[in-house]
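Presented below is the structure to which this report refers.
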Amino acid sequence: MQGVSLVPEPLWWLLGVIVSFYFGARHQQKSQEFQRALAATFTRAPEVIARVRHADGAEDAENAALAEWRRGGG
């Protein structure tokens, strides 16, 4: 602790700035990577929805009882 007390205060400020910039930049980078990954997921959403709708329609054609139940007939 005696050695730490010999470090001048401006050097502590400089160290704090360096550490803050490092972790701030790291946080920003990780945040932007996450947002890019999330945006890439949402760009595929219409394709997924179309596939689900197509699969749902195909299921109705194959299962007449389910199609009738969905229409409320039964």
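Below, each value reflects all heavy atoms present in this structure, side chains not excepted, and no hydrogens, waters or symmetry copies. Numbers here are sequence positions counted from 1.
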Under the 4.5 Å side-chain heavy-atom rule for ILVMFWY, direct or indirect, which residues accompany Leu14?
Val4, Val7, Leu11, Trp12, Leu15, Ile18, Val19, Tyr22, Phe23

Going by side-chain heavy atoms closer than 4.5 Å, which hydrophobic residues are tied to Val17, directly or by a chain of links?
Phe21

Go through the structure and list residues passing side-chain contact (heavy atoms from CB on, under 4.5 Å) with Glu47, not counting sequence neighbours.
Arg44, Arg51

Closest heavy-atom pair and its distance - Thr43, Pro46
O-CD, 3.6 Å

Could you tell me whether the side chain of Ser20 and the main chain of Gly16 form a donor-acceptor pair under 3.5 Å?
yes

Who else is in Phe42's hydrophobic cluster (ILVMFWY, side-chain heavy atoms under 4.5 Å, direct or via others)?
Phe34, Leu38

Residue list, side chain to side chain donor-acceptor pair (under 3.5 Å) with Gln2, at least two apart or on another chain:
none

Applying side-chain contact (heavy atoms from CB on, under 4.5 Å), can you list everything that pairs with Gln32, at least two apart in sequence or on another chain?
Gln28, Arg36

